[in-house]
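Scroll down for the structure; my scribbles are underneath it.
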Amino acid sequence: MGIENQALIFSTNNLPGFDQMALDLNSLDQTISNPEIILTLRFYYWTGDWLSIGYHQKEIPIHWENLLSNGEINIVRRPSGGGAVLHSGGITYALTFKKTYYKVLSYEMVNNWLIKSFRELGLNLQYGNLRKSHIKTNCFGTSLISDLVDKDGFKRIGSAQFRKKGAFLQHGEIQTNPSKDLWYKLFKEEAPPKVNLGLTNDEIVQHLRNSFLKNKSNINFKNIEIDNKNIRKFLCKSY
């Protein structure tokens, strides 16, 4: 990697699911079209309670449709694969990168970064144990080797990818404090307990971002502020 290689690091924001997915696809398109951009990284939250549906999920349960009609949940489809993910009280990350850097930014390398970062914060994570599984309604109902679980076996981070024109978009959800009531209504099972690190989600994000940037002096990182008030204009902008 030469110094001309550029990585865009976006500011953390809080937006509805449709806008967040549009921003992620915009990041992927920038990675594809701009030869200098090798990766982008974004952490974000969701305005309200959202359920994102994996790209290959063709049907959703009737009781989800009822929750949607009652205004208890919002639903959006992700471009990435995997099962449904509840975004409520957690942290989402979106990483885009060119295919040529897959060995550097594969599931394994990204998970090693997350494992190391959370260990520094006092949370020990390890890989899930399933190599393959049918798509389940609840993404967090199974733990693949690309997922991370805590010492009690609760899946804390689930990730999925989408490939387009020689580049990847990797989504990941970090379950720090999911809504117990909503989780049970959606999946008919108990939610993972709250992660007690004595830190806010913003403080966790700051630590993760700093640890990602460490020891990468051969990459020119550029911080990009996302203005929520002018989101449409931002999506039309190129870097």
Side-chain angles (χ1 to χ4, degrees), residues 12-24 42-94 114 118 123 125 128-130 132-144 146-162 169-202 204-205 228:
T12 304
N13 68 352
N14 193 320
L15 287 167
F18 298 110
D19 289 329
Q20 299 292 27
M21 294 303 97
L23 282 169
D24 289 340
R42 197 165 76 88
F43 295 95
Y44 57 87
Y45 312 121
W46 302 61
T47 302
D49 297 316
W50 285 79
L51 189 72
S52 69
I53 307 297
Y55 179 79
H56 298 289
Q57 281 185 280
K58 301 306 180 186
E59 298 179 359
I60 65 173
I62 293 176
H63 73 280
W64 289 6
E65 295 181 0
N66 293 334
L67 291 171
L68 176 64
S69 298
N70 295 336
E72 295 184 66
I73 191 71
N74 302 285
I75 299 179
V76 65
R77 186 172 293 279
R78 296 190 314 273
S80 52
V85 176
L86 175 61
H87 306 278
S88 174
I91 302 165
T92 305
Y93 80 80
L114 292 169
F118 275 101
L123 177 64
L125 298 173
N129 52 20
L130 293 177
K132 200 172 182 181
S133 174
H134 294 295
I135 296 175
K136 291 206 169 184
T137 304
N138 177 14
C139 171
F140 280 75
T142 56
S143 299
L144 301 174
S146 57
D147 301 321
L148 296 178
V149 301
D150 63 20
K151 62 181 178 61
D152 296 315
F154 289 106
K155 180 173 170 179
R156 287 298 177 185
I157 305 177
S159 302
Q161 291 183 338
F162 168 61
L169 162 63
Q170 181 166 320
H171 275 138
E173 182 68 14
I174 305 168
Q175 296 288 0
T176 55
N177 187 23
S179 168
K180 292 182 179 180
D181 291 342
L182 196 49
W183 191 288
Y184 191 81
K185 286 181 181 180
L186 287 164
F187 306 125
K188 308 302 181 186
E189 58 186 51
E190 297 298 322
K194 179 182 179 180
V195 173
N196 293 308
L197 297 176
L199 299 170
T200 65
N201 279 349
D202 281 345
I204 293 173
V205 166
N228 288 3

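All values reported here derive from a predicted model rather than from experimental measurement.
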Donor-acceptor contact present, side-chain [X] to main-chain [Y], <3.5 Å:
{"X": "R77", "Y": "G54", "value": "yes"}
{"X": "D150", "Y": "L125", "value": "no"}
{"X": "W46", "Y": "S88", "value": "no"}
{"X": "N14", "Y": "T47", "value": "yes"}
{"X": "R156", "Y": "Q175", "value": "yes"}
{"X": "D152", "Y": "F154", "value": "no"}
{"X": "R42", "Y": "N13", "value": "no"}
{"X": "R78", "Y": "G83", "value": "yes"}

For this session: Can you sort out the partners of K194 under salt bridge (charged side-chain N to carboxylate O under 4.0 Å, His left out), two or more places apart, ordered by chain and number?
Result: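 Scan of K194 (salt bridge (charged side-chain N to carboxylate O under 4.0 Å, His left out), adjacent residues dropped) gives none.
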Exercise. Are the aromatic ring centres of W50 and Y45 under 6.0 angstrom apart?
Worked result: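 W50 vs Y45: aromatic centres not under 6.0 Å.
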Min side-chain heavy-atom separation [X]-[Y] under 4.5 Å:
{"X": "F118", "Y": "L148", "answer": "no"}
{"X": "E65", "Y": "I60", "answer": "yes"}
{"X": "L86", "Y": "I73", "answer": "yes"}

Exercise. Can you find a side-chain donor-acceptor pair between Q161 and S80 that sits under 3.5 Å?
Worked result: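 No donor-acceptor contact under 3.5 Å links the two side chains.
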Exercise. By ring-ring contact (aromatic ring centres under 6.0 Å, His included), which residues pair with Y184, not counting sequence neighbours?
Worked result: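 Once residues adjacent in sequence are excluded, Y184 has no partner under the ring-ring contact (aromatic ring centres under 6.0 Å, His included) criterion.
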Problem set entry | Which residues share a ring-ring contact (aromatic ring centres under 6.0 Å, His included) with H171, sequence neighbours left out |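 By the ring-ring contact (aromatic ring centres under 6.0 Å, His included) rule, H171 matches no residue at all.
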Exercise. Which atom pair, heavy atoms only, marks the closest approach of S159 to G172?
Worked result: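 Residues S159 and G172, closest heavy atoms: OG-CA, 3.9 Å.
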Exercise. Looking at T92, D24, T12, which one forms a side chain to side chain donor-acceptor pair (under 3.5 Å) with Y44?
Worked result: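 Among T92, D24, T12, the one that satisfies the side chain to side chain donor-acceptor pair (under 3.5 Å) with Y44 is D24.
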Restricting to side-chain contact (heavy atoms from CB on, under 4.5 Å), what partner residues turn up for [X], sequence neighbours left out?
{"X": "T176", "value": "I91, I174, N201, I204"}
{"X": "T200", "value": "D202, E203"}
{"X": "K188", "value": "H63"}

For this session: Assign the ring pair W183 / F187 to parallel, tilted or perpendicular, where the plane angle (0 to 90°) is split at 30° and 60°.
Result: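 The arrangement is perpendicular - the two ring planes meet at more than 60°.
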For this session: Step through the shown structure and confirm whether more than 12 heavy atoms of other residues, nucleotides or ligands are within 6.0 Å of NZ on K58.
Result: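 Enclosed: over 12 neighbouring heavy atoms sit under 6.0 Å from NZ of K58.
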